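One structure is given below, encoded as structure tokens.
So you know, we letter chains A, B, ... as the sequences are listed, proteins then strands, and number each from 1. Quantities reported herein were computed from a predicted structural model and do not represent experimental measurements.
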2 protein chains.
Amino acid sequence: MEIRKPIWVRDAVAKMMEYKKRGETELVSIDECDGRFLSEPIIADHDVPPFNRSPYDGFALRSSDTENASRDNPQRLQVVDEIGAGQVSGKTVGPMEAIRIMTGAQIPGGADCVVMLELVNELKENGESFIEIKRVMKKWDNISFQGEDAKKGTPLIDKGVRINPGIKALLATFGYSKVPVAKKPLIGVLATGSELLGPEDDLVPGKIRNSNGYMIESQILRAGAQYKRYEQCADDLEKLRDTIMQATEECDAVITTGGVSVGDYDHLPEIYEQIGARLLFNKIAMRPGSVTSCAERDGKLLFGLSGNPSACYVGFELFAGPYIKYWLHSDRPYLRTIRGTLKSDFPKPNPFSRFVRSRILFEDGKVYAEPVGLDKSGVVTSLAWADCFIVLPGGTRGFQAGDHVDMMLLEDAEGSDKPWQEPRFSK
Amino acid sequence: MEIRKPIWVRDAVAKMMEYKKRGETELVSIDECDGRFLSEPIIADHDVPPFNRSPYDGFALRSSDTENASRDNPQRLQVVDEIGAGQVSGKTVGPMEAIRIMTGAQIPGGADCVVMLELVNELKENGESFIEIKRVMKKWDNISFQGEDAKKGTPLIDKGVRINPGIKALLATFGYSKVPVAKKPLIGVLATGSELLGPEDDLVPGKIRNSNGYMIESQILRAGAQYKRYEQCADDLEKLRDTIMQATEECDAVITTGGVSVGDYDHLPEIYEQIGARLLFNKIAMRPGSVTSCAERDGKLLFGLSGNPSACYVGFELFAGPYIKYWLHSDRPYLRTIRGTLKSDFPKPNPFSRFVRSRILFEDGKVYAEPVGLDKSGVVTSLAWADCFIVLPGGTRGFQAGDHVDMMLLEDAEGSDKPWQEPRFSK
């Protein structure tokens, strides 16, 4: 039996990321950009506000005309025009004149302040309109200045950020009818194992349905990439090799699941060799997922994830996920790790770093981590409910409720610029 | 000028939710189910494990044959078969026999325990295989029992839950090649205002580009619904009325943005009346978004959101969002509210409940809320960065850094079964 030498999680991540790549840019319609990743920063194409504008419904006027205004000495100004939303006045405000103005409209020439609608009396006399103002206005009162929120040319949002509703609003504001986004990497997915049935198949003795393939495909979509599914291969060396070869040619990276057990039927190491892929690692000092492997061929990565669902899930999030996020131009491609308080005991010792699928809870301003699926009946649903991993470093004994632990967030848009780094200790 | 009477946020939400509806079910391929919402619970269609199986690579045998095994007295058993993944043995384990078994494979007849590969010596003699075992095994050692993780017929995941990778794995496991999901509601979107340009238009004096329409469309997609965009209407009463009428007929709900200011050009109240829609409310005791309105026509809702981007965003998340989530069969359609510590001063008093766009931070196991966009240059990007609202109840003075506040999570899959409820006080 082949002996595999486990390496640190941190070293495995670093080896893999030596082959990181940025995806090409493609322009998509703003109507198709949701959830895509910007491949260039968003730049303001104009000042915001684009012109001096009124923050209120009111009247634009010359502050000097209100110099002597008071409760006892209201100043009467003639209203000479009215500016609706989107309109511009052709008139200039002259002495003792005012122009009615809507919120957001451009301040007319001559005016240097705006008085709010509620603070004047409006009068009609002989078909003409007037206002009476009882307070002294200062120059630039109630004017939003051109460029005060953002100057033309300012980068507003970094590349590598996933487009959300607020970002889409910025794209529309700044005229991005076409949006530069990272082309999605195409990830080949191959679930190996002769015990696997499709979801449409009836169960037969000894077999189970393939769930890892579907799970990985969903993880690929969640990470922002796209997948191509390759036919489930029976454990047939030649067919498996040809399929993996084909996937490597057709895709930007390949993920296999299963067939990487320490048992008799694992062909992956052989296949890596036969197709000329260089092994980066094939054992990691972690649980679950210690038999996760990674190889490189012509600069493309092949991820060999475990056939165990939890191990497969963890392997994807620790390795394939960051690879994809970096491809999508993120400078924060790793899972964000925060601290939280353990909700229940986790008595098992951890000879290797352990990733425990868990749920994040918030109580009274504090973060708690609740392991899911520790009891047998939770095993089935634990991946469905997990939104974080608790990370227990190797070389530690069990943990008790109340202990502080690291938590890696799975459904987080922010990410991290550094991978989780376990403390090194002698194994 | 029309006088509008503000109502409590809690009452506005309750009035709107009187018209809540559940969407119909549609069956989609498992390949198309990501991000959709289950309209029925997921039920285990078989026991998990589906048969008694081995958790390890090893040998299945009869525990009684190891009764006298010890370091000094190894028992030799003959290996009579080998069960690969997905295979079933036709043989029954007899006295002093063993069958080699792979992880996950079905326990053969006759055997009542499994010994791990690493714990036996394998021998070959005259072309026959044997193992030597040096320890006493107990009945049912290392057997995963049929149904111990989940019994056939058990509901595993509630309806109304968004499908994530772990849930997709369950769907595959339980044979859901077609997945019952809620049909997405179709939401009509109408950005009103003659000052609005498209993202492809060049700026012209006095006008701005329509960003609210795109933002709302993105919020609709994020909430899990689909949209239909209606042509931007200039502030032309008849055209606006006809378009809103058409949208109400064609869609499940309608959202308008803009044209709901207290200024001169607001036609919405008139239009509601002309198309026979009953006004539920048109002013809410909150900032921003006090002029959010809602009307009902033939059981369909019309949401009138403010033209101010922040107010529009908040209005969507507080009202349209929960309406959509309920439609998608969620019993937790409201935004989840947690407690956190304010990171910076918020000195403004709050005559009405205030929703401050903010970012959630985690530090040393605690949750913090950092308002975004309080400074002028942050206004433009504040919606892009917000992942929560701080909620400051009406009738409160300013808040200081260190104060504990409510935070509503915007990018959270869990939701809440109750809306945020402000304390009532006399206005």
Just so I understand: if I count every heavy-atom pair under 4.5 Å between each of [options] and chain A, which residue has the most?
{"options": "B/Y56, B/F316, B/F174", "result": "B/F174"}
{"options": "B/L410, B/V380, B/N210", "result": "B/V380"}
{"options": "B/A172, B/P205, B/A150", "result": "B/A172"}

Which bit of [X] is near chain B, if near means a heavy-atom gap under 4.5 Å: side chain, backbone, both or neither?
{"X": "A/Y214", "result": "both"}
{"X": "A/R162", "result": "neither"}
{"X": "A/T173", "result": "both"}
{"X": "A/D202", "result": "neither"}
{"X": "A/R357", "result": "neither"}
{"X": "A/Y368", "result": "neither"}

Top contributor to chain B contacts, counting heavy-atom pairs under 4.5 Å, from [options]:
{"options": "A/L203, A/V48, A/V204", "value": "A/L203"}
{"options": "A/V379, A/D412, A/T381", "value": "A/T381"}
{"options": "A/E363, A/M407, A/E148", "value": "A/E148"}
{"options": "A/A105, A/G198, A/G104, A/A384", "value": "A/A384"}
{"options": "A/D201, A/N164, A/V88", "value": "A/N164"}

Open item on the list: Among residues at least two apart in sequence or on other chains, which ones pass side chain to side chain contact (heavy atoms under 4.5 Å, CB included) with B/N52?
Closed with: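 In terms of side chain to side chain contact (heavy atoms under 4.5 Å, CB included), with neighbours along the sequence ignored, B/N52 is linked to B/I107, B/I143, B/F145, B/Q146.
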Task: Main-chain N/O of A/P49 paired to A/D47 side chain as donor or acceptor, under 3.5 Å - done: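 Checking the backbone N and O of A/P49 against the side chain of A/D47, no donor-acceptor pair under 3.5 Å is found.
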TODO: Evaluate the ring planes of A/F362 and B/F362, with Trp represented by its six-membered ring, and classify them as parallel (under 30°), tilted (30 to 60°) or perpendicular (over 60°).
DONE: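 Geometry flag for B/F362 against A/F362: parallel rings.
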